[in-house]
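Okay, so here's the structure we're looking at.
Every heavy atom of this structure was used, including side-chain atoms; hydrogens, water molecules and symmetry mates were not. In what follows, chains carry the letters A, B, and so on, assigned in the order in which the sequence lines appear, proteins first and then strands, with residues in each chain numbered from 1.
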Amino acid sequence: MRMSQYFLPTLKENPAEAQIVSHRLMLRAGLVRQTSAGIYAWLPLGLRVLKNIERIVREEQDAAGAQEVLMPTIQSADLWRESGRYNAYGPEMLRFKDRHDREMLFGPTNEEMITVLFRDGVKSYRDLPKNLYHIQWKFRDEVRPRFGVMRGREFLMKDNYSFDIDRAGAIRSYNNMFVAYLRTFARMGLKAIPMRADTGPIGGDLSHEFIILAETGESAVFCHKGLVDKDILGRAIDYASDLQPIVNEWTSLYAATDEKHDKDAFEKIPEGERLAARGIEVGHIFNFGTQYSKPMNAVVAGPGGEQITVEMGSYGIGVSRLVGGIIEASHDAAGIVWPESVAPFKVAIVNLKPDDGPVSGACVKLYEALQAKGVEVLHDDRDLRPGAKFADMDLIGTPWQIIIGPKGLAAGKVELKNRRTGAREELPIDQLMQQFG
RNA sequence: CGGGGCGUAGCGCAGUCUGGUAGCGCGUCUGCCUUGGGCGCAGAAGGUCGUCGGUUCAAAUCCGGCCGCCCCGACCA
């Protein structure tokens with residue numbers, strides 16, 4: 001993308017309404033604009049990040065055996081009357097009537113809808129297990145939306161639902177998602193720690209929240225330090241095998257949110273290995289047994305022809321929240337520092353002297369060569385002073401900056417800067433191509 | 001939902017107490033200059049002062065209603 005043509009409105013000053021760093025940087029770097037309290041429009045740069053996060057979530061869900069569907073944002077009130085939640089759910093649910101006076105709602109979650117889809121489509125134990133997910137916009141009319149996309153009213157969420165014949169199967173499904181979540185967040189450069197959590201109004205008996213540590217987190221969390229740097233990506237994972245040992249490895253060390261915090265257990269950890277911090281919830285997994293399948297009569301025929309109520313679980317990842325969460329976890333005084341896996345552009349070319357023929361020629365040639373190789377590259381061809389370009393580029397946080405100016409070019413070299421470390425090196429252009437091949 | 005604050009140019013703010021020509025910085029546009037970390041000079045555009053009503057010769061300013069936004073708390077499958 002040529003920056004001179006890109007819709008990228010960056011701001012030099014912090015908007016007054018933004019208090020936390022991720023919100024400020026998202027506005028300043030031109031990722032989003034607020035349109036109402038807790039409701040945001042995604043601009044081109046922000047949308048690229050959102051799509052990258054979505055892609056990683058999707059790849060890991062697919063790998064773990066979940067199948068993608070897409071359910072609507074609008075649901076009927078009758079559906080929710082079936083589970084008994086229409087009246088139980090509070091004013092966070094946005095309710096309205098259509099032109100025929102039918103009661104509708106903007107979905108805050110999809111347990112009811114998925115249960116009906118499952119119930120109507122699966123009749124035999126032989127078709128189990130099933131695990132269906134979708135990535136769809138949700139609306140919850142929060143009393144007090146805040147912190148930008150971290151607690152918006154409209155937000156993008158991956159939610160999925162597992163259906164098993166018995167509890168043992170449900171636990172296998174739960175463990176699959178547990179490991180898939182570890183991988184998902186790790187791939188985004190996050191250190192997400194699974195913590196025992198309250199199941200809340202959704203009910204159930206087995207639940208973990210995946211928390212990333214950040215000063216501005218909404219909840220207080222307590223855990224063993226050993227969990228912070230545990231690595232999942234180095235492991236070969238076979239979702240067909242029993243993943244309980246891996247789950248045990250993570251759950252045997254203490255980790256809990258304040259609702260579930262056990263002070264005595266925490267203090268048994270040697271003092272140097274205790275970690276009391278604040279965290280952001282980016283994922284939450286539940287096993288809730290037959291809480292929805294029972295009232296909604298989601299049953300399958302068992303081997304002996306008997307009717308068996310299926311065991312369910314649900315699993316959520318806050319996709320739009322992750323954009324803010326990743327920034328909270330990865331920024332510096334100059335701006336955002338994107339992990340490569342989610343960066344809107346992997347590399348940026350900074351043309352220091354656009355009115356210099358050889359310099360611009362080299363920039364364009366490199367830009368086209370990188371594009372031809374499928375590298376996501378942003379070319380700053382704007383007629384601005386170098387300082388302004390450097391400031392913008394650091395703000396939007398492209399992991400690599402290729403800086404091309406007349407001095408270096410005369411020596412046949414360009415400069416490569418790593419956004420995270422600030423390290424720079426001078427390289428001949430063809431060597432650069434190898435690096436991004 | 002309880003408490004607090006704010007609404008004046010694209011962004012950040014002053015002006016409101018004490019009513020009398022709507023300002024500043026940044027950004028934007030034009031020209032010149034400059035070109036390795038938001039450079040400099042000159043000129044310009046841009047505002048129903050959130051909204052509705054009241055008081056007054058006169059309202060950004062005083063009074064009232066409404067709307068919107070932010071912060072703390074409670075809440076948050």
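- Here A/Lys138 lies out of heavy-atom contact (under 4.0 Å) with every strand.
- Contacts of A/Asn14 with the nucleic acid, taken as non-hydrogen atoms under 4.0 Å apart, involve only primed sugar atoms and P, OP1 or OP2.
- Within the 4.0 angstrom heavy-atom criterion, base atoms lie near A/Asp392.
- Between A/Gly148 and A/Ala334, the one whose closest nucleotide on RNA chain B sits nearer the 5' end is A/Ala334.
- The local environment of NZ in A/Lys373 is crowded, with over 12 non-hydrogen atoms from other residues, nucleotides or ligands closer than 6.0 Å.
- Nucleic acid contact class of A/Glu13 (heavy atoms, under 4.0 Å, all strands): base.
- With C1' as the reference atom, B/G50 and B/A60 are 12 Å apart, rounded to whole Å.
- The residue among A/Gly316 and A/Ala391 whose nearest nucleotide of RNA chain B lies closer to the 5′ end is A/Ala391.
- Looking at the side chain of A/Arg28, the nearest of the listed nucleotides B/G38, B/C13, B/C70 is B/G38.
- The base of B/U35 does not come close enough to the side chain of A/Arg385 for any donor and acceptor atom to sit less than 3.5 Å apart.
- For the pair A/Asp332 and A/Arg419, the salt-bridge criterion is met [side-chain N within less than 4.0 Å of a carboxylate O].
- Residue contacts shown for A/Arg33 are absent, as no nucleic acid heavy atom lies under 4.0 Å away.
- Among the heavy atoms of the strands lying under 4.0 Å from A/Glu415 is at least one base atom, whether or not backbone atoms are also near.
- Within the 4.0 angstrom heavy-atom criterion, base atoms lie near A/Arg424.
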